[in-house]
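Scroll down for the structure; my scribbles are underneath it.
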Protein chains: 2
Amino acid sequence: MAEILVSMRYDGPERTIAERAYRLLREDIISGALAPGLKLKIEMLRARYGLGAAPIREALARLSSDHLVKLEGQRGCEVVPMSVRDARDIGNMRKLLEVEALRISIRNGGDEWENALAAAFHRLERLERTIDQGIGDLAEWESLNHQFHKALVAACDSEWLLRMRQLMFDQHERYRRLSRVKTVATRDISLEHRALFEAALDRNAEKAVTVMETHIGRTTDAVLQSFAPGERALAR
Amino acid sequence: MAEILVSMRYDGPERTIAERAYRLLREDIISGALAPGLKLKIEMLRARYGLGAAPIREALARLSSDHLVKLEGQRGCEVVPMSVRDARDIGNMRKLLEVEALRISIRNGGDEWENALAAAFHRLERLERTIDQGIGDLAEWESLNHQFHKALVAACDSEWLLRMRQLMFDQHERYRRLSRVKTVATRDISLEHRALFEAALDRNAEKAVTVMETHIGRTTDAVLQSFAPGERALAR
DNA sequence: GATCCTCAAAATATCGATATTTTTATTGAC
DNA sequence: GTCAATAAAAATATCGATATTTTGAGGATC
């Protein structure tokens, strides 16, 4: 069986069914397709994805270490619930890590980094213009936004910092998606992206950090705002 | 089968064999009993722990998200290798997170926190005196040291920060164990613990942070020295 | 009416066997 | 002697079935 797998964020070939299960579950949790607090019964997942029980169990085990599912011995597992408190916590942690990685990246980045960053920024800005006109693809924006932020910190030489930054980025994305931040004007965000880009190329770390903190804070605020009224429903 | 499980860091009852496998493997990797780079063959682990293959696979999956084992599709898995670069990275990250958690904890801590901290410090100091006399138990020291550091940051209200701090603490411990830091005089470390304790109770965050940075840096240096004699930790 | 049993139904966790893939060893050609 | 092709061995990944545990409904007791 040689099935071609397509993924928005293709990350190397999947050699096992367990890896595929991991990716599928991960995407469905982050995108919100599997709601926070939802009980994840093996039989239900087997039917949903058409996979065996063993690979699914393995995927759930990995996701529990990623803190996307809660695994309770003999009592099955559920999608980790969301809360205002958690959203705030994640926002703060993302700030801390993203800013640190950005500082290092700006200090270390060479020509190659600048070029990749410019390319990522260009792609993102082009799409943001079409979104302003109401014809852009939101999933595509998520992807390019992700790539731009990754390009910003790509020259950071701390693997652990990048790993944790990524973890917080993904967790933050889950909240962003849930609260449908698309209603917030993209124009502001687009301007922030440009400011980030220019500060980075100018090697103006302090300026970049300030913008980044505003940028993340704004996103978190939007999440919290659309979250607070209906908190009860989300907490299960 | 009602077997009593004893663990140095007992963390609630284990309801499944998979959880036990996870704990056992985790301890053996951190303690160095399973050497870095070692190929982890299922059959070998089955024999070692007397457990079935399924729970072991599940444990390995979780450990791969903890970055203690590397899982490569269809090619088995191995204990994550160690390197000078990684040791330095972990030391820096531990500094960043521990210091941040400490600041918050000192700001938020109440009476209850002070009491628990004093108790943890007292237990640790008492043991350190016996170790100075050459009659102390090193495993016991690991445990009390762990508890003291945990008590310091216990009043931090960011779950994510505490989670990541713990991750780095464990990773750091793995390096500390490998390099047998016991040869380093415990007297200095003991003095640092006292300084940390007093600064925390004085609510002198800046002082506490300075001591903590020295404390972690010293440990990292010791690790690096016994790892690659000659090479030195460079300020990042 | 509330609390405590008991028993059946559902779900989870684990085992043993099998299919698939990778690794190792062997052979034959150049 | 080296390389390539191939066959055998080992290891991994997955499935299907079974054992164990939890959950929930219905009745008996206070």
Side-chain angles (χ1 to χ4, degrees), chain A residues 1-5 7 11-26 28-29 34-35 37-66 68-81 236, chain B residues 1-5 11-26 28-29 34-35 37-66 68-81:
Chain A
M1 183 193 74
E3 198 173 318
I4 302 292
L5 299 168
S7 157
D11 220 6
E14 281 157 9
R15 313 181 75 90
T16 69
I17 299 180
E19 282 168 11
R20 183 150 124 213
Y22 176 70
R23 176 180 56 81
L24 289 170
L25 273 164
R26 186 167 218 287
D28 279 352
I29 291 173
L34 294 171
L38 179 69
K39 191 96 203 297
L40 293 174
K41 294 188 191 143
I42 300 286
E43 192 46 50
M44 178 266 244
L45 297 175
R46 255 181 59 80
R48 182 183 176 107
Y49 299 113
L51 304 173
I56 288 178
R57 278 194 68 81
E58 189 170 322
L60 291 172
R62 288 174 65 177
L63 289 166
S64 82
S65 274
D66 292 345
L68 284 171
V69 316
K70 200 171 85 186
L71 197 56
E72 232 171 333
Q74 297 290 24
R75 237 166 286 172
C77 54
E78 62 177 45
V79 178
V80 167
R236 195 172 70 131
Chain B
M1 184 193 74
E3 198 174 319
I4 302 291
L5 298 168
D11 221 5
E14 281 157 8
R15 313 181 76 91
T16 69
I17 299 180
E19 282 168 10
R20 181 148 125 215
Y22 176 71
R23 176 180 56 82
L24 289 170
L25 273 165
R26 185 165 218 288
D28 279 353
I29 291 172
L34 294 171
L38 180 68
K39 191 95 204 295
L40 293 173
K41 294 185 191 145
I42 300 286
E43 192 47 49
M44 178 266 243
L45 297 175
R46 256 180 58 82
R48 181 183 177 107
Y49 299 113
L51 304 173
I56 288 178
R57 278 194 67 81
E58 188 170 323
L60 291 172
R62 289 175 64 176
L63 289 166
S64 82
S65 274
D66 292 344
L68 283 171
V69 315
K70 200 172 85 185
L71 197 57
E72 232 171 334
Q74 296 290 24
R75 237 166 287 173
C77 54
E78 62 177 47
V79 179
V80 167

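Lettering of chains follows the sequences in order, A, B, ..., and the numbering in each one begins at 1.
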Query - Spacing of Leu60(B) atom CG and Ile42(B) atom CD1 [to the nearest 0.5 Å] - result: 5.5 Å
Contacts table for residues 69-76 of chain A: side-chain donor-acceptor under 3.5 angstrom, sequence neighbours left out:
none

Report summary line: Rounded to whole Å, CE of Met44(B) lies from P of dA11(D) at a distance of 11 Å
Report task. State, to the nearest 10°, the angle formed by the axis through the first five base pairs of the helix from dG1(C)-dC30(D) to dC30(C)-dG1(D) and the axis through its last five. Result -> 20°
Requested in this report: Could you tell me the separation between the CD1 atom of Ile56(B) and the C1' atom of dA11(D), rounded to a whole number of Å?
Outcome: 14 Å
Report task. State which residues pass side chain to side chain contact (heavy atoms under 4.5 Å, CB included) with Arg26(A); sequence neighbours excluded, sorted by chain then number. Result -> Tyr22(A), Ile30(A), Leu63(A), Asp66(A), Leu68(A), Asp170(A)
Query - Distance, rounded to the nearest Å, where Glu14(B) contributes CD and dT12(C) contributes C1' - result: 17 Å
Please list each protein N or O that sits under 3.5 Å from an N or O in nucleotides 13-15 of chain D, with the distance.
residue, atom, partner, partner atom, Å
dA13(D), OP1, Gln74(B), N, 2.9
dA13(D), OP2, Arg57(B), NH1, 2.6
dA13(D), OP2, Arg57(B), NH2, 3.3
dT14(D), OP1, Ile17(A), N, 2.3
dT14(D), OP2, Ala18(A), N, 3.4

Requested in this report: With sequence neighbours excluded, tell me which residues meet salt bridge (Lys or Arg N to Asp or Glu O under 4.0 Å) with Arg48(B).
Outcome: Asp28(B)
Report summary line: Rounded to the nearest 0.5 Å, the CG atom of Leu45(A) sits from the SG atom of Cys77(A) at a distance of 7.5 Å
Query raised in the report: Taking only residues two or more places apart in sequence or in another chain, which ones pass salt bridge (Lys or Arg N to Asp or Glu O under 4.0 Å) with Arg46(A)?
Result: Glu43(A)
Query raised in the report: Leu60(A) near the nucleic acid: base, sugar-phosphate alone, or nothing, with a heavy-atom cut-off under 4.0 Å?
Result: nothing
Query raised in the report: What integer distance in Å separates Lys41(A):NZ from dT21(D):P?
Result: 21 Å
Query raised in the report: Which residue, Leu34(B), Val79(B), Leu51(B), forms the side-chain contact (heavy atoms from CB on, under 4.5 Å) with Leu25(B)?
Result: Leu34(B)
**Report entry** Any donor-acceptor N/O pair, Ser64(A) side chain to Ala61(A) backbone, under 3.5 Å
**Finding:** yes
